[in-house]
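Single-structure report; data block below.
Order of the sequence lines fixes the chain letters, A, B, ..., with proteins taken first and strands second; residue numbering starts at 1 for each chain.
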Protein chains: 2
Amino acid sequence: MQISSPAGAGRPRSDLNATVFAAMFRTVRELGYAGATMDRIAAAAGVAKTTIYRRWPSRGALVVEGLLDAFGPVPIESAGRAELLSSAIRWIAGKIGEPGVGGAFAGVFSDAVSDPALREILATQFQAPYLRALQAGLGEPEHRVLFLIDVVTGTLLHRMGMTGEPMAESDVDALVEMVLRVLRVD
Amino acid sequence: MQISSPAGAGRPRSDLNATVFAAMFRTVRELGYAGATMDRIAAAAGVAKTTIYRRWPSRGALVVEGLLDAFGPVPIESAGRAELLSSAIRWIAGKIGEPGVGGAFAGVFSDAVSDPALREILATQFQAPYLRALQAGLGEPEHRVLFLIDVVTGTLLHRMGMTGEPMAESDVDALVEMVLRVLRVD
DNA sequence: GGAATACGCTACTGACGGTAGCGTATTCCG
DNA sequence: CGGAATACGCTACCGTCAGTAGCGTATTCC
């Protein structure tokens, strides 16, 4: 996802991934996803725009890697299947609730609708790891886990995208209840 | 939503709403939502771009009105609550499956993430009528229907947006099952 | 025939994602 | 120490797209 640096001698890359990610989320939080242009992200990070493009091939790739950095691995240390699924849903809902993260999340998915390359990045880099982790943890077939991801992610993103605000906790509870009921039956 | 024509004398508007809607859906189907620029829609409709802007204030407004035209009123003639909800879900899933419509639907929602004005149009013109119809038909509180809309629309759009293809019928069945179970309990 | 409006056309603006090219800084290796 | 190799900053630029301005022409009502 990040453009790899050629091996050999030469000046090493500065350590500014974290700086750029932070600037990106901050800019999204303050100006919204549309307002978080590459020029503004670069300015907020105190870095030249061309430097960002030397590392990430597109704005979408940058945002996806920032999200990966912010999300980290899915929590899978729970006892049973119900607890695992429930904690995973609350985990993703909580992440989306963090300032800037939800906006970036909804924004990058919305860009992906019109951008097959970004869709590919999103599917392989972001969704696949969580899909595999959930599949292993739940012992459900891939098809079923994909459906669950569509339901959970779709619902949370739709609320976020339409209202600009993350879903209230009581609705997250309802979502968990609903999905758990699906898991129990059948 | 459509810019109203001033009253009085003068040349009346040509009857080309249907032509423009059809050209819009066709262009989305052939070139995707991102490829369906205003220039291309106008060319496909055989109409000047400025003529479109005289009627609709923005591309989003045009697409929303096209969707309203394509969707029509929600079917509410069903017997019981379960049948009503089930048929409503299958109805929206079917509409999204129509060529061009799903792409336009996903595209306009994705644009709305970064465009508050479009979000407002979408909420009041598109979502509100269906919300009210479902609320009346189901006898459920607004809050609950809003949640159901987020779940159904979010899930269908997420699948559409991520894969470019509408949801398979078996998954629509699963969605209906899941939502019906929510309606029954509580 | 004149007021009033619609349509088509060409040209334009402003914003944005992304790129080119150059000078400078930093590191490794011989 | 010197040169190869790479990174960074900067300025300028391209192409695309939503949306606008302005003008000439067509169509309707009175």
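A/R59 has its CZ atom 16 Å from the P atom of C/dA15, to the nearest Å. Distance, A/I52 CD1 to D/dG9 P: 9 Å, rounded to whole Å. Between the CG atom of A/L16 and the C1' atom of D/dG9 there is a distance of 12 Å, given to the nearest Å. Per the geometry, CZ belonging to A/R55 stands 8 Å off C1' belonging to D/dA7, to the nearest Å. The distance between atom CZ of A/R13 and atom P of D/dG9, rounded to the nearest whole Å, is 13 Å. Atom pair B/Q2:CD and C/dA6:P shows a separation of 11 Å (rounding to whole Å applied).
Applying the salt bridge (Lys or Arg N to Asp or Glu O under 4.0 Å) test to residues at least two apart or on different chains, the pairs with a partner in residues 22-42 of chain B are B/D39-B/K49.
Aromatic ring pairs are classed by plane angle as parallel below 30°, tilted from 30° to 60° and perpendicular above 60°; the pair B/F21 and B/W56 is tilted.
Within residues 32-45 of chain B, the residues approaching DNA chain D are B/T37, B/M38, B/R40, by heavy-atom distance under 4.0 Å. Contacts with DNA chain C (heavy atom under 4.0 Å) in residues 100-122 of chain B: none are found.
Within a 6.0 Å sphere centred on CD of B/E83, other residues, nucleotides and ligands contribute more than 12 heavy atoms.
Panel note: side chain A/T153, backbone A/D150; no donor-acceptor pair is recorded below 3.5 Å.
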Problem - Watson-Crick and G-U pairing of DNA chain D, under 3.5 Å, as dot-bracket with | and [ ] - result: ||||||||||||||||||||||||||||||
Under 3.5 Å between N/O atoms: give me all the protein pairs with nucleotides 19-28 of chain C, atom names plus distance.
| residue | atom | partner | partner atom | Å |
| --- | --- | --- | --- | --- |
| C/dA25 | N3 | A/R11 | NH1 | 3.3 |

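Cluster membership check: B/I41 does not share its hydrophobic cluster with B/I3, using side-chain heavy-atom separations under 4.5 Å among Ile, Leu, Val, Met, Phe, Trp and Tyr. Linking ILVMFWY residues whenever their side-chain heavy atoms come closer than 4.5 Å, directly or via other members, places B/I89 and B/M167 in the same cluster. Residues A/F147 and B/L180 fall within the same hydrophobic cluster, defined by Ile, Leu, Val, Met, Phe, Trp and Tyr side chains chained together at heavy-atom separations under 4.5 Å. B/L118 and A/V113 end up in different hydrophobic clusters when Ile, Leu, Val, Met, Phe, Trp and Tyr side chains are linked at under 4.5 Å.
The side-chain heavy atoms of A/L67 and A/K95, taken from C-beta on, include no pair separated by under 4.5 Å. A 4.5 Å side-chain heavy-atom check between A/L85 and A/V179 finds at least one atom pair inside the cut-off. Using a 4.5 Å heavy-atom threshold, the side chains of A/D171 and B/H143 count as touching.
With sequence neighbours excluded, no residue satisfies side chain to side chain donor-acceptor pair (under 3.5 Å) with B/D115.
Within the structure, every side-chain polar atom (N or O) of A/S14 is placed at least 4.0 Å from both OP1 and OP2 of D/dA7.
Ring centroid separation for the pair A/Y33 and A/F109 does not come in under the 6.0 Å cut-off.
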